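Convention: sequence-line order gives letters A, B, ...; per-chain numbering from 1. Here the structure is a predicted model, which is why all the values come from computation and not from measurement.
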Amino acid sequence: MSKRPYYITTAIAYTSGKPHIGNTYEIVLADSIARYKRFVGYDVRFQTGTDEHGQKIEIKAFENLSTPKEFVDDVSSQIKGIWDLMNTSYDKFIRTTDEDHEKQVQKIFKKLYDKGDIYKGEYEGMYCTPCESFFTQSQLVDGKCPDCGREVQPAKEEAYFFKLKKYTPKLIEYINSNPDFIQPESRKNEMMNNFLLPGVQDLCVSRTSFKWGIPVDFDPKHVIYVWIDALSNYITGLGYKVDEPSDENFKKYWPADLHLIGKDILRFHTIYWPCMLMALGLPLPKQVFGHPWLLQGNNKGNKMSKSRGNVIYADDMVDLFGVDAVRYFLLHEMPYENDGLISWELVIERINSDLANTLGNLVNRTISMSNKYFDGVVTNSGDSQPVDEDLKKVVMDTRLKVNTCMDKLRVADAITEIFNLFRRCNKYIDETEPWVLAKDDEHKDRLNTVLYNLVESIIVGASLLEPFMPETSEKILKQLNAEKRRVTELSSFGLYPSGSKVTSEPEILFARIDTEKMLDEIEIRFPSKEEEPEEEKPKKEKKPELKIPTIETKQKEEITIDEFNKMSLQMGEILSCEEVKDSKKLLCSQVQVNGKVLQIVSGIKNYYTPEQMVGKKVVVITNLKPTKLAGVLSEGMLLCAEDFNGDLALLTAEKDMPAGAMIS
RNA sequence: GGCGGGAUAGCUCAGUUGGCUAGAGCACAUGGUUCAUACCCAUGGUGUCGAGGGUUCAAAUCCCCCUCCCGCUACCA
């Protein structure tokens with residue numbers, strides 16, 4: 001009988017920089033699931049990789065004085081290096097710059113175009129220049145911009161669109177009839193309530209504003225935007241072919257059993273991707289799980305943040321603690337639905353209590369006793385007592401408990417079950433008191449049996465531990481001179497050959513860590529920058545690295561100097577500023593310009609506090625038609641620069657100029 | 001503004017369809033033990049289960065309202 005296939009994927013990592021510990025969590029989580037599925041008998045295909053196109057990379061490469069290709073080659077190999085360091089067992093590492101991937105993506109694009117599901121759009125009559133937004137006819141109010149009520153105009157930039165709308169009714173049906181498709185459930189509600197039920201717009205799937213991407217082969221000034229390019233990796237990586245027979249792997253493994261992704265990119269995987277698949281006539285993945293994030297918690301009162309430069313990276317952590325300790329922490333500490341916390345202190349605490357004390361010490365004391373009392377020879381003399389029964393029951397039950405957890409993707413709980421087994425072993429030692437038995441030759445058989453039961457129990461535990469901590473599992477088995485149990489062998493107690501000899505020199509699996517010393521060492525290696533005296537900016541937007549960038553810069557149409565002169569740009573001084581009630585991003589400023597004071601509302605609350613605003617001399621458009629924002633009158637606009645991380649900066653003059661100074 | 005999710009022991013978190021004295025791990029305290037990595041085992045809490053109301057024989061769990069966090073979304077001239 002052939003094994004059942006199981007196809008699991010992670011999101012492909014965006015090659016804009018080194019992934020931090022939170023990004024690394026995903027690959028380790030996927031790895032534990034993949035290894036577990038293999039363990040229980042599935043024919044597993046596990047795919048990961050890197051997403052390497054887009055404007056952000058074009059820019060990063062430019063800043064780095066390299067070509068985009070050189071840049072992504074470097075970052076991609078860094079990412080792969082970390083995945084390997086974490087001992088992840090992926091079968092395929094796909095890169096979106098792979099030749100066969102690019103070729104198929106072009107064909108997918110062409111196929112959808114030929115089919116009529118991709119069409120060329122012109123934005124005609126639907127673009128509001130001041131709002132920089134596109135609207136469909138149905139969204140317009142009296143034929144005008146629904147936001148500002150101004151005339152909308154035809155826009156110049158052409159782009160290709162995918163007919164998302166055509167497929168959403170079928171998708172809604174699919175989601176309703178497959179309640180487990182989107183996990184956790186709260187995310188399903190978000191997708192339904194925010195997008196599917198209100199109705200979606202067709203998706204723009206090409207760009208002309210940058211070059212670093214897969215060209216549309218029949219219209220080369222366009223590159224294929226991230227949706228079709230990146231999402232297709234899940235099928236091109238299996239050898240899907242548009243116009244010839246696909247590879248065996250595709251036939252065998254598609255549809256995917258599980259797309260494991262961060263919760264931030266659920267929309268792309270549960271709406272865009274399924275609709276694309278429907279358009280291609282392919283079956284939909286069985287499940288998409290949007291896992292929570294691992295956030296960096298406080299460390300001795302020092303907030304960890306990227307701006308302070310003390311971000312935790314997986315390789316640094318592995319350097320200090322070893323792979324399996326880091327894997328253990330990631331897998332054990334992460335809750336199912338809410339975000340988890342990571343800090344150096346939490347990691348050390350977990351290593352000491354769980355890995356060094358409970359597990360490491362158990363293995364060590366068991367081997368020591370075997371050596372001390374029987375020269376390392378473990379014999380099953382069959383001298384059982386009632387107290388053994390509970391131990392055996394716990395050991396035998398663990399397999400099923402682990403399986404139940406893993407079926408629900410409750411990886412953290414599965415690990416806890418395995419450690420409960422080890423805890424039970426420690427208790428068993430206390431109950432049986434081998435050192436007392438050792439004092440009397442009469443109890444030799446009993447002592448033998450006790451140690452045998454212990455070794456046997458540890459072997460079962462170590463076998464179950466393999467998907468989560470492969471190296472540790474192997475080390476334990478090696479020290480006990482035992483083979484890893486297969487899943488079918490886990491229901492019998494006593495398979496360890498009586499008379500086997502354990503190692504005479506047990507190796508410490510996890511050394512206890514001196515927390516103080518280690519934290520000092522960490523401070524030396526990764527110094528946290530000095531606290532800025534100023535209060536930090538309120539609630540900086542969290543932008544995960546893996547997020548598919550959605551910011552685009554539109555090439556605006558040419559204007560004449562006369563048109564430019566219509567704008568009145570002046571220096572303004574902010575006299576006072578307050579938050580706008582009932583809004584999340586708005587600040588309302590009173591701005592002195594040329595004797596008059598304008599009230600201006602700006603969406604910059606996440607970047608400046610009202611206190612920081614006061615006194616600043618900024619660039620203001622003073623002849624904008626007043627409008628209301630969140631019910632508050634706004635009589636102009638403060639100019640800001642925005643980078644690709646969404647960070648904002650107000651524009652000011654290079655030297656001090658009075659309020660009201662004209663700008664031209 | 002719309003939708004959704006949180007708020008449980010000092011810390012990180014579990015608590016299934018409402019049901020016996022509210023749980024785990026860590027930390028802390030006491031006792032036991034010595035095979036072991038100062039380890040292991042046992043015992044221990046005055047936790048207002050965010051505040052307030054309600055339904056019920058019974059509410060952390062259901063309903064209403066409030067406060068504070070968070071996510072998605074809209075808005076951000």
### Task
Please list, chain by chain and in numerical order, all residues satisfying side-chain hydrogen bond (donor to acceptor under 3.5 Å, both in side chains) with Ser32(A), sequence neighbours excluded.
none
### Message
Distance check, P atoms only: rC65(B) and rU46(B), in whole angstrom units.
### Response
36 Å
### Query
Just by modelled atom types, is the Leu465(A) backbone N or O under 3.5 Å from a matching donor or acceptor in the Ser473(A) side chain?
no
### Inter-nucleotide C1' distance (rG52(B), rC66(B)), Å rounded
7 Å
### Query
rA7(B) and rC63(B): how far apart are their P atoms, nearest whole angstrom?
15 Å
### Query
Taking for each residue the nucleotide of RNA chain B bearing the nearest heavy atom, is the 5' side occupied by Leu359(A) or by Arg350(A)?
Arg350(A)
### Query
Taking atom C1' in both rC49(B) and rA9(B), what distance in whole Å separates the two?
10 Å
### Query
Starting at CD1 of Ile182(A) and ending at P of rC3(B), how long is that distance when rounded to a whole Å?
20 Å
### Task
Could you note down all residue pairs passing salt bridge (Lys or Arg N to Asp or Glu O under 4.0 Å) where residues 359-376 of chain A supplies at least one of them, sequence neighbours left out?
none
### Task
Pick the C1' atom in rU12(B) and in rU55(B), then give their distance to the nearest Å.
35 Å
### Query
Heavy atoms under 4.0 Å, any strand shown: does Leu509(A) hit a base, just sugar-phosphate, or nothing?
base
### Query
Between rA27(B) and rG45(B), how far is it from one C1' atom to the other, in whole Å?
13 Å
## Note on the structure
Across all chains, not counting sequence neighbours, the side-chain hydrogen bond (donor to acceptor under 3.5 Å, both in side chains) partners of Gln479(A) are none
### Query
To the nearest angstrom, how far is Ile367(A) atom CD1 from rU37(B) atom P?
12 Å
### Summary
Residues pairing under salt bridge (Lys or Arg N to Asp or Glu O under 4.0 Å) where one sits in residues 408-420 of chain A, two or more places apart or in two chains, turn out to be none
### Task
Check whether any side-chain N or O of Lys263(A) sits under 4.0 Å from OP1 or OP2 of rG71(B), and answer yes or no.
no
### Task
Return the value, rounded to whole Å, for the distance between atom CG of Asp413(A) and atom C1' of rG23(B).
14 Å
### Task
Show your working on side chain to side chain contact (heavy atoms under 4.5 Å, CB included) between Tyr373(A) and Trp435(A) and close with a plain yes or no.
CA-CA 9 Å; Tyr373(A) 305 139; Trp435(A) 51 92; 3.6 Å; yes
### Task
Say whether, by atom type as modelled, one donor and one acceptor occur between the side chain of Thr358(A) and the main chain of Ser353(A) under 3.5 angstrom.
yes
### Query
OP1 or OP2 of rU73(B) sitting under 4.0 Å from any side-chain N/O of Arg267(A)?
yes
### Query
Restricting to pairs with a member in residues 424-437 of chain A, which pass salt bridge (Lys or Arg N to Asp or Glu O under 4.0 Å), not counting sequence neighbours?
Asp390(A)-Arg424(A), Arg424(A)-Glu431(A)
### Summary
Taken to the nearest whole Å, CE/Met637(A) to P/rC76(B) is 10 Å
### Query
Under 3.5 Å, side chain of Tyr496(A) to main-chain N/O of Leu480(A), donor-acceptor pair present?
yes
### Distance, C1' atom - from rC13(B) to rG47(B), rounded to whole angstrom
15 Å
### Query
When all nucleic acid strands are considered with a 4.0 Å heavy-atom cut-off, which category describes Arg423(A): base, sugar-phosphate, or nothing?
sugar-phosphate
### Task
Quickly work out the Ile348(A) CD1 to rC11(B) P distance and round it to whole Å.
19 Å
### Task
Please confirm whether the backbone N or O of Thr472(A) pairs with a side-chain atom of Asp324(A), one donor and one acceptor, at under 3.5 Å?
yes
## Note on the structure
The reported gap from CG in Leu651(A) to CE in Met571(A) (rounded to nearest 0.5 angstrom) is 9.0 Å
### Task
Send over the distance from Leu639(A) CG to rC76(B) P, rounded to a whole Å.
16 Å
### Message
Please confirm whether the ring centroid of Phe419(A) lies under 6.0 Å from the ring centroid of Tyr328(A).
### Response
yes
### Query
Once you round it to whole Å, what is the distance between P of rG23(B) and CG of Asn420(A)?
17 Å
### Query
Looking at Phe422(A) and Gly461(A), what are the two nearest heavy atoms and their distance?
CZ-C, 3.7 Å
Report, one pair per line, the protein and nucleotides 27-29 of chain B atoms (nitrogen or oxygen only) whose separation is under 3.5 Å.
none

Look for any protein N or O under 3.5 Å of an N or O in nucleotides 15-17 of chain B and output each such pair with its distance, or none.
none

### Query
What pairs with Asn371(A) under side-chain hydrogen bond (donor to acceptor under 3.5 Å, both in side chains), at least two apart in sequence or on another chain?
none
### Query
If we take the C1' atom in both rG1(B) and rA74(B), what is their distance in whole Å?
7 Å
### Task
Check each residue of residues 443-452 of chain A for a non-hydrogen atom within less than 4.0 Å of any atom in RNA chain B, then write out the ones that pass by number, or none.
none
### Task
Apply side-chain hydrogen bond (donor to acceptor under 3.5 Å, both in side chains) to Asp397(A) and list each qualifying residue two or more places apart in sequence or on a separate chain.
Lys393(A)
### Donor-acceptor contact below 3.5 Å, side chain Glu635(A) vs main chain Gln599(A)
yes
For nucleotides 32-35 of chain B, give me every protein contact, N/O to N/O, under 3.5 Å, one pair per line with atom names.
residue: rC35(B); atom: O4'; partner: Tyr373(A); partner atom: OH; Å: 3.4
residue: rC35(B); atom: O2; partner: Arg365(A); partner atom: NE; Å: 3.2
residue: rC35(B); atom: N3; partner: Arg365(A); partner atom: NE; Å: 3.3
residue: rC35(B); atom: N3; partner: Arg365(A); partner atom: NH2; Å: 2.6
residue: rC35(B); atom: N4; partner: Arg365(A); partner atom: NH2; Å: 2.9

### Query
Hey, does the side chain of Asp202(A) reach the backbone of Lys165(A) with a donor-acceptor pair shorter than 3.5 angstrom?
yes
### Message
Output the pairing pattern of RNA chain B as a dot-bracket string, 5' first, Watson-Crick or G-U wobble with both distances under 3.5 Å, | for cross-strand pairs, [ ] for crossing pairs.
### Response
(((((((..((((.....[...)))).(((((.......))))).....(.(((..]....))).))))))))....
### Query
Between Ile513(A) (CD1) and rC26(B) (P), how many Å, whole number?
16 Å
### Under 3.5 Å side-chain donor-acceptor pair for Asn481(A) and Ser500(A)
no
